[in-house]
Protein chains: 2
Amino acid sequence: MVEFSAVKVTRVSDSIISQIETMILEGSLKPGEQLPSERALAEQLSVSRPSLREALMILESKGLLQSKRGGGTFVCDIIGPTIVEPLVYLMKSHPETIFDVLELRQALEAVATQHAAERATKSDRERIKQRFDELMAVYEGGNKDVAIESEADTEFHLAIAEASHNVALVHVMRGLFNLLRVNILHNLKSIKEEGESHDFIRAQHTEILTAVMNGDSEMARDASNRHLIYVQKTMREHLQ
Amino acid sequence: MVEFSAVKVTRVSDSIISQIETMILEGSLKPGEQLPSERALAEQLSVSRPSLREALMILESKGLLQSKRGGGTFVCDIIGPTIVEPLVYLMKSHPETIFDVLELRQALEAVATQHAAERATKSDRERIKQRFDELMAVYEGGNKDVAIESEADTEFHLAIAEASHNVALVHVMRGLFNLLRVNILHNLKSIKEEGESHDFIRAQHTEILTAVMNGDSEMARDASNRHLIYVQKTMREHLQ
DNA sequence: GTCGTACAAATGGTCTTACCAATATACCAA
DNA sequence: TTGGTATATTGGTAAGACCATTTGTACGAC
């Protein structure tokens, strides 16, 4: 008796769902990002708008998307609330935990950078290089706005994290960066004003970039560690 | 100043959903029963068929209904637990992300164990030893309940994490454990049933304990890495 | 120049209609 | 009884139109 498996019946909406889920997981769709309009997206995917809507409705009911009438459809922040949110309140009441967060970031960043050196694709490297150039442009521009420099800094590190191809790592690091951004911006200000520190950090970033581009995972990890250790040290000094 | 609550924006499909959910829960719709055809039902409810379909699709995605092309739509016999956590849902439909979480756990666990070896106080060590003894008791008892063993395992690792005296690290690790618990419990079952794997894991736990108790941070980190690498390897083998 | 208003464009929400594909049922023939 | 066929029913997909809301912008008043 030959066994026949059930005929694979694939609903288009199911295909769309899994496709969007994958894009969210691998980072093509970042939290907070806006999706194309239903009409445009339906055309891109070569499906009808009702089918697309069925997929979007299900994803919304799962908590992955959120639609606003007249506004658009947005990707929800999935892992932030789950993993990192408790830390928000903790840091509010106990500022000294910032260094714990930084130590945590050091561990994550080290392994992310290491894996990025091992796994980065060509397009990953191009994106990283682009972020690096943007960061350098900010340095060169003599920018005085701490927020802009901090933003470029974050984007550089996140590009590396994404090249690690570990979705859990990327999501947690993204949450961590959000956490740090709102909490240490005022501290950064004093640090960044020092020309000397500026040069050090710039050199460390270059070192990280070189290691990742060359695929040298050990050097990447070590460079990342040196960078974060320096950041923690500098911040400790300035907080006294 | 009069307070105006937000205008209640009710999607038609949402109303239909809650209505059908209510009918199922209160018993008007019994498991296995067939719903009227989409056309008939749409007319009964005075809504369009697309709106009704959106509702039916969501109810199907929640596991309450099941539609068969050409057949009809039926109420499911068994109503499984509804996944509320978006991330958990994502990992269910994309199991390969479990390994990303495990890889992340490895990185965190390594640094946590290392710091625990460096910073653990006397009371920390006592608590770790206690958790370790409890875990061993579960092993000795020939316990067949995977949940209990998994619980003891988690408590042991968390006790070590707490000894790192990094609250951020502990919070994130706790979140990861929650994530893993709901996702890999059924996988663990097959793994834990092997006596051989059992012995290996037990030896690795002992190794970790020894390193932390002796304050040997390098050995602690390496032992932790070996443990997690083994867990990932074993789980990969069993998933094929 | 700045602020506020009004208009226009874009977007999600809903409905109508139509057609396709799979299934179930009734009926018929061997 | 068995097997096949025709037909009606049902879910799946598509296209188009219209409404409600939001957003952005340009214009005008101050």
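Residue numbering restarts at 1 for every chain, and letters A, B, ... go by the order of the sequence lines. Everything quoted here is computed from the prediction, not taken from an experiment.
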When rounded to whole Å, the CD to P distance for the pair A/Glu38 and D/dT13 reads 16 Å
Checking only heavy atoms, does the side chain of A/Arg39 share a donor-acceptor pair with the base of D/dG16 at less than 3.5 Å? no
Over 12 foreign heavy atoms within 6.0 Å of CD, A/Glu26: yes
Could you check how far CD of A/Glu54 sits from P of C/dG13, rounded to whole Å? 14 Å
Evaluate A/His165 against A/Asp124 for side-chain hydrogen bond (donor to acceptor under 3.5 Å, both in side chains), listing each step before the verdict. CA-CA 10 Å; A/His165 291 261; A/Asp124 286 333; 2.6 Å; yes
Rounded distance (Å) that lies between atom P of C/dG13 and atom CZ of A/Arg49: 8 Å
Please confirm whether the shortest side-chain N or O distance from A/Thr73 to OP1 or OP2 of C/dG12 is below 4.0 Å. yes
Could you state the atom-to-atom distance from CG of B/Leu35 to P of D/dG11 in whole Å? 9 Å
A/Ser67 side-chain N/O to C/dT11 phosphate OP1/OP2 under 4.0 Å: no
In whole Å, what is the span from the CG atom of A/Leu56 to the P atom of C/dG12? 8 Å
Answer yes when A/Arg131 and A/Glu162 have at least one side-chain N-carboxylate O distance shorter than 4.0 Å, and no when they do not. no
Nearest to the side chain of A/Ser37 - C/dG13, C/dT11, D/dG12? C/dT11
What's the CZ-P distance between B/Arg53 and D/dG12, to the nearest Å? 5 Å
Name the orientation class of the two ring planes belonging to A/Tyr139 and A/His205 (parallel below 30°, tilted from 30 to 60°, perpendicular beyond 60°). parallel
Nearest whole angstrom, please: distance from the P of C/dG13 to the CG of A/Leu65. 11 Å
Is A/Arg119 salt-bridged to B/Glu103, cutoff N-O under 4.0 Å? yes
Atom-to-atom span, CD of A/Glu43 to C1' of D/dA15 - whole angstrom: 13 Å
The nucleotide from C/dT14, C/dG13, D/dA14 with an atom nearest the side chain of A/Val12 is D/dA14
Walking DNA chain D from its 5' end, the first of A/Ser48 and A/Gly70 to be reached, judged by nearest nucleotide, is A/Ser48
